[in-house]
Structures are given as C-alpha cells and as structure tokens.
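What follows is a set of notes on a single structure, which appears directly below.
Since we're looking at a predicted model, the values are computed, not measured. The sequence lines fix the lettering, A, B, ..., with proteins before strands; numbering per chain opens at 1.
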Number of protein chains: 2
Amino acid sequence: MTIKDIAQRAGYAVGTVSRVLNGHPDVSDEARAKILAVVAETGFQPNDNARHLKQRESSSIAVIVKGARNLLFAGILEEVQSRVRAAGRAAAVYYLDEDDDEVEQAVRVCRELKPLGILFLGGNQNNFADRFERVTCPCVLVTTRADTMGFQNLSSVSTDDAEGAAQAIRRLIEAGHRRIGVIGGHFCAGCGRGGANTSQTRFFGCRRGFLEAGVPFDEELQFQAARFSMPGGYEAANALLERCPDLTALFAMSDVMAIGALRAIRDRGLRVPEDISLIGYDGIEQAGYCVPRLATVRQRSGRLARRSVEILLRQAAGGGGAVHEIVPFQLLPGESIRDLNE
Amino acid sequence: MTIKDIAQRAGYAVGTVSRVLNGHPDVSDEARAKILAVVAETGFQPNDNARHLKQRESSSIAVIVKGARNLLFAGILEEVQSRVRAAGRAAAVYYLDEDDDEVEQAVRVCRELKPLGILFLGGNQNNFADRFERVTCPCVLVTTRADTMGFQNLSSVSTDDAEGAAQAIRRLIEAGHRRIGVIGGHFCAGCGRGGANTSQTRFFGCRRGFLEAGVPFDEELQFQAARFSMPGGYEAANALLERCPDLTALFAMSDVMAIGALRAIRDRGLRVPEDISLIGYDGIEQAGYCVPRLATVRQRSGRLARRSVEILLRQAAGGGGAVHEIVPFQLLPGESIRDLNE
DNA sequence: CTGAAAGCGCTTACAG
DNA sequence: CTGAAAGCGCTTACAG
C-alpha cells in the first residue's frame, strides 16, 4: 500500500495525495475529503523513509537522550514530550548508551530526519567541542552548560552543579558534620578541558564547600569514584566507610548512587541518619520513596524541560543567537540527615 | 556527502561503493581498499532512509519496548542487546508508551526497516489478536504468552504469571498470614479476552493461591487496583490499610508498586516486616536495594532475554513454527516478610 | 486547485 | 569484478 494506490483509488494524482497528507492548504475540499476517506478506509500510513529522503525539513523536534536508564532524564523527557506536543510538533526520541557519541548521532539525525531542532538530554562537552560544528540546526543542551563553547546554534539550560554540590556539603556541615565522604563519578584531569564534565564540576563544588567552611577534605581518603548506578554507590560507600570508619556523613553525586550507599550503610549494621547522614543529587522521584526519604539537591526537571523547549522553538523560528540559562535547584531536606547540633 | 561523492573520489561507480559498504564479496581487494580509504577519510555514513527504502531485508533485529520506564524491560533489553550483537546483528530499539499500539508499530517497522525479526518486550494481547496478521516477519513476544493466539510467526517466552502470583500468596500464607491485601493493575472482565492480560493473569493466580490454601479473599475489600508506579502503589496501600486495618501482609503485583507501598506503610507509622509483610513481583535490581530488601517473585530476565533471542534468530533462519516457552521464576526471600509462626 | 515529472540517496538485478 | 540503469515511495517546484 503506497501513496500511488491511494491516488488511484481516490482518482487523483500522487502529488495531490501528498498535499492532503501533509496538510497543505492548496487542495479543494472535495479532493481532501475523498482522499482522507480512502486513507481512513485503507489504514494507509506513508513510508517515513521515502518522506524523509525527499523532505527539506520535517516539523519534528529530535530529542537525544544519553542513557535510557537515567531517571533524571526520564523525568525531563516526559515533560519535554508533552510540551513539544502542546506546541503542535512531534518529538522523535533517540536513546543512546552512556558512552555513545551524541554529536555523531545528531549529525545523522540532521541529515536523515531534518528536524526543526535537537534537544540533548545530557552530553559530553568534549564531543561537542570536537564535532558540533557539523550540526547546523538549532540545538539545546539540557543539564550541561554550553556557554563556554561559543556555538551560535547551541543553547543550554542547566543547573549550577558546582553550587549545588557546594550547598550539599554546606548543608552537612551546618548540621554539625565534619568528617564527610564523597561519592562521585570518574573523571580525569584532562577529560573536562575548559573545566567541565558533570562529575568534575560537582567535585570542584564539593571542594569549594569544604574550603569555604574551613572543614578539611582529604581527597585521597574521603573521595571515592564509582559508576552512576546503585551497585556503584554501594561499593563506593563500603570502600569509604572501610577506609574512614569515623565518617559521619556521605554525599553521593546522584540519587541512584545514594540509594546504593543507603543499602551499604545498612549492611554494615549502621543506620541512616542516626549513625551516618546521607545526601544525594538530582531529586528523582525514587528519592522520595526511600526509607528514610533521601535528602537531595533537586534539579528542577519540569522547569529545565519547559525552558529547553521554549528556547529551542524560539531558535527554530529564527529567534537570534544562543541562550544559556541556569535553572535554580532546590535542597530537599528528606529524612536522611541528622543534625548533630541538637 | 553521498555515495556518489565517494564513488567519484575513489574512481568507481556508485554500485561498487554500495557493495563495499554492504560487505558483498564480489569486489576486488583493490577496489575495496581504495573505497574504504575514501570512506574513512571523509567519515562518510550512508543515509539510512535511502538504504531502507530500497533494501529488501536489513540484517537488524527490531526490539519494541512497551514503556521506556519499565525497569524489568530495561534489564531484559540490556541482555537482549548484547546477545543480538554477539550474533553479529544490529538491534534497533523502539520505545513506546504503555498505551501505544505495539502491533501498529511493528507493521510500520516491517515496512520501513525490514528487520530479520521483531522482539516485543511486553504487549497487549488484544492488539496482537486484532492486528498481528498484518506483520509477516518472525516475532517473539517476551513476558506475555502468545500460545493461544495461534500465529505461525509469533513465538513467546514468558513467566508463568498465574503460578508466580499464586506462590507469592502461598508464601505469605505459609508465614502465617491470613489477612492479605493485594495491589494490582487495572483490568476489566472483557479486556483480556481469551483470559489474559498480565494484571488479570496475576489476579487469577492470587485467587487460586487463596483458594487452594482455604484462606478467604474478599476481592471487594482486599484488592486495590492502581497504576504500575510508585505513587500508584503508595495510594493503593493507603487505601487498603484504611479499608482493612487488620491486614498483616500485602502483595503488590510489581516491585515498583511494592516500593510505593513500602513508603506508604512507613508513613502510617507501621514497619515492614514487623507490622506489615510485603512481597513484590518482577525482581528488578531496585528490589535488592530497598530497606528492608524486598521479597519478590523474580522473573529471570537474563534467561528470558537469552531464549527470546535464540528463538528469534532460529526462526529468522527459517527454523520452523512458533515456540512457546515458559521460563521458571524464583521466589526471592528478601527481608520484608515476617514469619508469624516463629 | 491539480497533474506530470524530477529527484532525494541508496540497492540491486542485469549486462558485460 | 564493475558499470549503467531502474526503482524504492515519497515531496516539491513547475506548468497549466
């Protein structure tokens, strides 16, 4: 079943069918009605390969998600999809593995889908720096900053991760904690050229939090790198508590890691927050269902989503240069921090 | 940059370039070397739209996942992808919303990707019954049975959900519980024609568990329908405990619901398992990180994945009629069931 | 408002 | 082993 069959049955040329299918105005009501009737009757769906092959620009927004299992992104995505739909556009979602190259994918999407614009949920700054020049449509990078890269067609909407991490540390210090362990992602001195992948940024924020409060932070002892996963957090917490049995609090740079840490603490026969206080990062739904509820630095996923879509649609409509927005985070108190001053 | 440019630069015709790109054997080593050199140098990637438009059959396996946030499927998918890759094929993953029509999507994928076969992670039996005749390639439905539908090209690999649910109930009864609440999905008498959507199957299993043990089960009072989500489980648990304050145990038909229930129980000032015992279903990673660890009926995602891929690849190679396999589940004890006999 | 025709970038028989 | 050409199913100027 192709557009040709539809044309034949309806008694029009394929061009006319195409115009009806794409909602062009220059078709008579009669033709439209007849053709739509045949389409409905046959259940015809046009072949997207053929369509995209020829089309100059589709009316879709592409969303490239780095990590199908990332719950923060899942939350943002849901909101993005409903906002894109509300704006009368379709969202085409592409899920990538953590270590796939999102910019490479974007180049491909530009060529094959020809979207109005691309939204990146997560991204590696090096990939952007190295290859983003090859993507030409308007883009917004969400949760990671892009202001230092200076691309005219790359905006960003993100959380101030350094400040978020700093405040997490401050919060623990205010509660009277002095020996605090930190669980974060892997990063190397060189991998955030220009100063920023997420793990590194949050790490620097931590360090600043300690420094400003005059609380010592021995990176060798008090920091443990791990994967962003529950087992990662579990093992890291174990390693830290083994190495520094006198820690009274942990900061995990993602809620998922924090959930792993929570379990590790319990398995060592300790309790949260009575023995060890714990704070996470991201503010995923899950954090509110932990026992105890997790204190966390909440990225405002709804607002990140809303602003990203607004900015992207404006840029797609020809609205000027790149914009870089910071969305304020919230410190959720949870039930996992003990106040030692009380 | 198209195949034409590559042909020109390499000094061959586009047909030859195409043959090299697709690994056909009928090309001279010299041509291959020259063309691959140009491809590498230019970073050329063929346009998949054009390729799929013309290609009779691609060498990919399509995977249609119902619910991007379904953690059971996420676990199965990971294993599926690595097994498909190990077999030298590419996996093309399509994520659908819970209430999208996976069979409609399959029809589209058949036409546009022309895969060797399709794997469905989850699916609504009614959609299959109504429209599956339109899909012609070999398919495997994973986690839901397809044996009663009688399609020659539709195999299935699933867990015996009725028995799993029955055993969850039995396990609670063995532990001395007599007043047990059940949290399940929504279903209506008609929606599982032929007897089976997942929620309904597990519900019937529950009922059998009660019946065989001679323990009364008042469906009106002791069953609460909810969405398969943490808030869904939270509210359902609250409703049940409000309605029947004398319940000593809950069975939630998914771990995600159970996590919500766990939080609800705590918020009512009760403890798991001291005051209320709890058992879930699925065996997602998450369940092992709860405090307390969740007892659950574990679907063996690794084996579901492995068998599904094996069966699909065999069918794609022309290996006979449909196969319907049941993979045994495991009852994970966790720490969330109190033994009242002790 | 409608049709005829070119063409998107590939693959694939068909010759040679 | 290689090239020339048809054609996949659409969209899009271009005429009329």
Side-chain angles (χ1 to χ4, degrees), chain A residues 1-36 38-39 42-60 90 92 107-116 136, chain B residues 1-36 38-39 42-60 90 92 107-116 136:
Chain A
M1 181 69 55
T2 73
I3 202 178
K4 220 166 147 184
D5 301 308
I6 304 299
Q8 206 158 29
R9 297 202 193 195
Y12 284 90
V14 293
T16 305
V17 176
S18 174
R19 281 172 213 124
V20 169
L21 255 22
N22 292 289
H24 291 198
D26 54 346
V27 184
S28 68
D29 291 344
E30 194 190 335
R32 190 186 313 283
K34 262 191 198 155
I35 288 169
L36 286 179
V38 176
V39 167
T42 56
F44 170 72
Q45 291 185 318
N47 184 316
D48 267 341
N49 290 323
R51 157 175 272 176
H52 291 142
L53 186 55
K54 182 63 184 172
Q55 217 166 29
R56 308 194 135 269
E57 182 171 80
S58 83
S59 69
S60 318
V107 171
R108 165 149 237 140
V109 165
C110 271
R111 193 177 49 216
E112 299 187 1
L113 177 65
K114 293 152 194 154
L116 290 175
T136 49
Chain B
M1 181 71 55
T2 74
I3 201 178
K4 221 167 146 185
D5 301 309
I6 304 298
Q8 206 159 30
R9 295 202 196 196
Y12 285 91
V14 292
T16 305
V17 175
S18 174
R19 281 171 212 124
V20 169
L21 254 22
N22 291 290
H24 291 198
D26 54 346
V27 183
S28 69
D29 290 346
E30 194 190 336
R32 189 185 315 283
K34 261 191 199 156
I35 288 169
L36 286 178
V38 176
V39 167
T42 57
F44 170 73
Q45 292 186 317
N47 185 316
D48 267 339
N49 290 323
R51 156 175 273 176
H52 292 141
L53 187 56
K54 182 65 184 170
Q55 215 166 30
R56 310 193 134 269
E57 182 171 80
S58 83
S59 69
S60 317
V107 171
R108 165 148 237 141
V109 166
C110 271
R111 194 177 48 216
E112 299 187 0
L113 176 66
K114 293 153 192 152
L116 290 175
T136 49

What is the minimum heavy-atom distance between B/Ser59 and B/Leu116, and which atoms define it? O-CD1, 3.7 Å
Can you give me the closest heavy-atom contact between B/Pro115 and B/Ser58, atom names plus distance? CA-OG, 3.9 Å
Sequence neighbours excluded, which residues qualify as side chain to side chain contact (heavy atoms under 4.5 Å, CB included) partners of B/Ala31? B/Tyr12, B/Thr16, B/Val27, B/Ser28
For A/Lys4, which residues count as a side chain to side chain contact (heavy atoms under 4.5 Å, CB included) partner, sequence neighbours excluded? A/Thr2, A/Val14
Using the heavy-atom set of chain A and a strict 4.0 Å cut-off, write down the first and last nucleotide of DNA chain C that makes it in, 5' to 3'. C/dC1 to C/dG9
Between B/Thr16 and A/Pro46, whichever has its closest DNA chain D nucleotide further toward 5' is B/Thr16
Would you mind telling me which residue lines up with the more 5' stretch of DNA chain D, B/Arg19 or A/Arg19, judged by nearest nucleotide? B/Arg19
Kindly state which residues belonging to residues 49-59 of chain B come within less than 4.0 angstrom of DNA chain D, counting heavy atoms of the residue only, listed by number. B/Leu53, B/Lys54
Applying salt bridge (Lys or Arg N to Asp or Glu O under 4.0 Å), can you list everything that pairs with A/Lys114, at least two apart in sequence or on another chain? none
Sorted by chain and residue number, the salt bridge (Lys or Arg N to Asp or Glu O under 4.0 Å) partners of A/Arg19 (sequence neighbours excluded) come out as none
Applying side-chain hydrogen bond (donor to acceptor under 3.5 Å, both in side chains), name anything that partners [X], two or more places apart in sequence or on another chain.
{"X": "A/Arg111", "value": "B/Gln45"}
{"X": "A/Arg9", "value": "none"}
{"X": "A/Asp48", "value": "B/Arg108"}

What contact category does [X] fall into here, base, sugar-phosphate, or nothing, at under 4.0 angstrom with non-hydrogen atoms?
{"X": "A/Asn47", "result": "sugar-phosphate"}
{"X": "A/Asn22", "result": "sugar-phosphate"}
{"X": "B/Ser18", "result": "base"}

Please answer whether the main-chain N or O of A/Asn49 pairs with a side-chain N or O of A/Asn47 as donor and acceptor at a distance below 3.5 Å. yes
Worked check of side-chain contact (heavy atoms from CB on, under 4.5 Å) between A/Phe44 and A/Leu21: CA-CA 10 Å; A/Phe44 170 72; A/Leu21 255 22; 3.6 Å; yes
Can you give the dot-bracket line for DNA chain C, where a pair is Watson-Crick or G-U wobble with both atom distances under 3.5 Å, crossing pairs use [ ], and | marks a partner on another strand? |||.||||||||.|||
